[in-house]
Enquirer: 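One structure, pasted below without further comment.
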Number of protein chains: 2
Amino acid sequence: MPYRPTAKTQARRTERRSALLKTALAIVASEGFQALTINRLAKEAGIATGTVYKYFESKAHLCSEVFRLATEKEVEKVRAASFPKQPAHSQQRLANAVTTFAERAILGGRLAYALIAEPVNPMVEQERLIYRKAYADIFEQLIEEAVTKKEFPPQTAHVSAAALVGILSEALVAPLARGIPITDHNNLVKAITQFCLRAVAG
Amino acid sequence: MPYRPTAKTQARRTERRSALLKTALAIVASEGFQALTINRLAKEAGIATGTVYKYFESKAHLCSEVFRLATEKEVEKVRAASFPKQPAHSQQRLANAVTTFAERAILGGRLAYALIAEPVNPMVEQERLIYRKAYADIFEQLIEEAVTKKEFPPQTAHVSAAALVGILSEALVAPLARGIPITDHNNLVKAITQFCLRAVAG
DNA sequence: TTAAGGAGTGAACCATAGTTCACACCTATT
DNA sequence: AATAGGTGTGAACTATGGTTCACTCCTTAA
C-alpha cells in the first residue's frame, strides 16, 4: 500500500480549506452572497474551479459554512453580554446584549445585511433560522430568569425573545436594505436599546 | 384604417389580465412564489406561455403585481385600525392595529410567509421594502400623535415604528418559516399585542 | 369582403452558474 | 524506481426557467 495521507498533507488541506472560506467571507462581507460565485472564488483564491469542489460538496454547503463562520462569533458575543462573569442586573444584561448586537451590526455594514436579510438560497435560509433561534434562545433564557427574579414583569418569554430578534433585524437592517448608510450610530443604538428595555423590562 | 381597439376588447383584455393575476395569486397563496412559474401559470390559466408576456413585461413585474395585490389590502386594514372614524385612545388604536395585522397574518398562513419572508427576487424585495415602509409610516404617525398628546412616553418614533414592523414579522413568521403551524392563535396575538403596548405605550 | 393592427401560440432559444470528469501532477510507501 | 491513492485542472456539460418570435387567428372599420 504505497500512499497514505499524512499529518502534513492533512494540515495543508485544512489550511487551504479555511483559506478558501476566508476568501469567500471577504467577498460576502464586501459585496454580499450575491457576488459569491464558484468561479470568482476560485479565481481570487488562485485555484481552478473544480478544485473548490474538492473542499466543498456544493455551493449551498459553502454558503452555509460562510454564514456560520460569520455568525457564530456574533452569537457568542451576544451570549457573553447576556451572561457575564460578574453578576449584573437583568436590565443591564439585556441592554448590553442589545447594544452588542446593534453596534456590531452597524460596524459590519454590508456583512450585516448579507447575514440578516439578503436573499440567498434555501440552505442559508435554513441556517438563518437556526441562528435566529440561537439569539432568541439567549434572550428567552435571560427573560425567564429575570421574570423569576421579579426583575422583569410577567410575560410570554419566547414571544418576547422572538420579538427582540425582530426588532434588531428590522431597526438595523431596514436602513441598510435601502442602501442608506447609518449616520447617527449612537442615537440609533440608544433608541433601540430603550425601546427593548421598555418592551421587556417595563 | 381598418382596426381600432374598442371598449369591448379593452374590457376583455383587462379582465384576462386580472384573471391571470388572480390565478397567480392563488398559486402563491397555496405554495408560495417559489411555485409561480410562467409555464405553470399559463397552463393553469389555459393559455400559452407566450401569451403571459402580452400581459406582463416580465416575471419580475408579474411577481411585483401579485405582491402588491396581496399586500395593499392588508396595509389598508392596518391603516383603518390605526386611524378609526370614531376617536379612540392611542393605546387602543395601536392594539387594534397590531391585532389586525397579526390575526390576518395567521389566517393567511402560507401567503403570509410568502409576503413577509419568502426569498423571491430583487424586485419583490424592493416591493417588500415599500410595504414595510408603509406599515412603518402608519405606526410612526400614530406614535407621533400619541407622544404629542402625552398618551405615549417620548421616544424616537421612526425607530419605534420600524421595531414594531420587526416584531410583527418575526413573532409571526418565525413559526411559519419553520413550518410549525400556529396552534394557540389567541394567546400568541395577545402576547404580541401586550409586548408592543409595553414597548411603545410604556 | 378585405385590409391591417392586435392577440394567441408554443417550440426553440438563451443566459447564468453550478457541477462534472478525464487527465495530469503530486506525495507517500515498498 | 515503481506503485497507488490523493489533489488540481478547466473546458465542457447540464439544469432550470425566463424570454423570444415567426406564424396564425381574430377583430374592427371601410
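Naming convention: chains lettered A, B, ... in sequence-line order (proteins, then strands); numbering from 1 in each chain.
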Enquirer: Over all strands shown, is A:Tyr55 touching base, sugar-phosphate only, or nothing at heavy-atom distances under 4.0 angstrom?
Expert: sugar-phosphate
Enquirer: Under a 4.5 Å cut-off applied to non-hydrogen side-chain atoms, are B:Glu74 and B:Tyr135 in contact?
Expert: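 A side-chain contact under 4.5 Å exists here.
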Enquirer: Between B:Glu151 and B:Arg93, is the closest basic N to carboxylate O distance under 4.0 Å?
Expert: no
Enquirer: Would you indicate which nucleotide in C:dG18, C:dT9, D:dT27 comes nearest to any side-chain atom of B:Thr9?
Expert: D:dT27
Enquirer: For B:Thr6, which contact category applies under a 4.0 Å heavy-atom criterion: base, sugar-phosphate, or nothing?
Expert: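 Here B:Thr6 touches the backbone only, sparing every base.
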Enquirer: Among the candidates D:dG6, D:dT9, C:dT9, find the nucleotide nearest to the side-chain atoms of B:Ile47.
Expert: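 Looking only at heavy atoms from C-beta outward on B:Ile47, the closest nucleotide is C:dT9.
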Enquirer: What is the distance, to the nearest angstrom, from the NZ atom on B:Lys8 to the P atom on C:dG6?
Expert: 17 Å
Enquirer: Just checking B:Arg40: base, sugar-phosphate only, or nothing, at a heavy-atom cut-off of under 4.0 Å?
Expert: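 The answer is nothing, as B:Arg40 stays clear of every strand by at least 4.0 Å.
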Enquirer: Would you mind reading off the distance between B:Tyr53 atom OH and D:dC23 atom P, rounded to a whole angstrom?
Expert: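 Whole-Å distance recorded here is 22 Å.
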Enquirer: Figure out the NZ/C1' separation between B:Lys43 and D:dG18, and round it to whole Å.
Expert: 16 Å
Enquirer: Quick one: is B:Arg16 getting a side-chain N or O under 4.0 Å of the C:dG8 phosphate, OP1 or OP2?
Expert: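 B:Arg16 to C:dG8 OP1/OP2: side-chain N or O found under 4.0 Å.
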Enquirer: If you compare every side-chain N and O of A:Arg4 against the phosphate oxygens of C:dT27 (OP1, OP2), does one of them come in below 4.0 Å?
Expert: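 For C:dT27, OP1/OP2 do not have a side-chain N/O of A:Arg4 under 4.0 Å.
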Enquirer: Could you state the atom-to-atom distance from CZ of A:Arg13 to C1' of D:dG5 in whole Å?
Expert: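 My rounded result for the distance is 13 Å.
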Enquirer: Check every strand shown and say whether B:Arg12 touches a base, only sugar-phosphate, or nothing at a heavy-atom separation below 4.0 Å.
Expert: nothing
Enquirer: Reckon A:Lys59 touches a base, only the sugar-phosphate, or nothing at all at heavy-atom distances under 4.0 Å?
Expert: sugar-phosphate
Enquirer: Taking CG from A:Leu36 and P from C:dG18, how many angstroms apart are they, rounded to a whole number?
Expert: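 Those two atoms, CG and P, are 8 Å apart.
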Enquirer: Hey, does A:Thr51 reach any base, or is it just sugar-phosphate, or nothing, if we go heavy atoms under 4.0 Å?
Expert: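 Result for A:Thr51 = base.
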Enquirer: Just compare C:dG8, C:dG10, D:dG18 and give me whichever is closest to any side-chain atom of B:Ala48.
Expert: C:dG10
Enquirer: Are the charged groups of B:Glu103 and B:Lys77 less than 4.0 angstrom apart, N to O?
Expert: no
Enquirer: I'd like to know if A:Glu125 and A:Arg128 make a salt bridge, using a cut-off of under 4.0 Å between side-chain N and carboxylate O.
Expert: yes
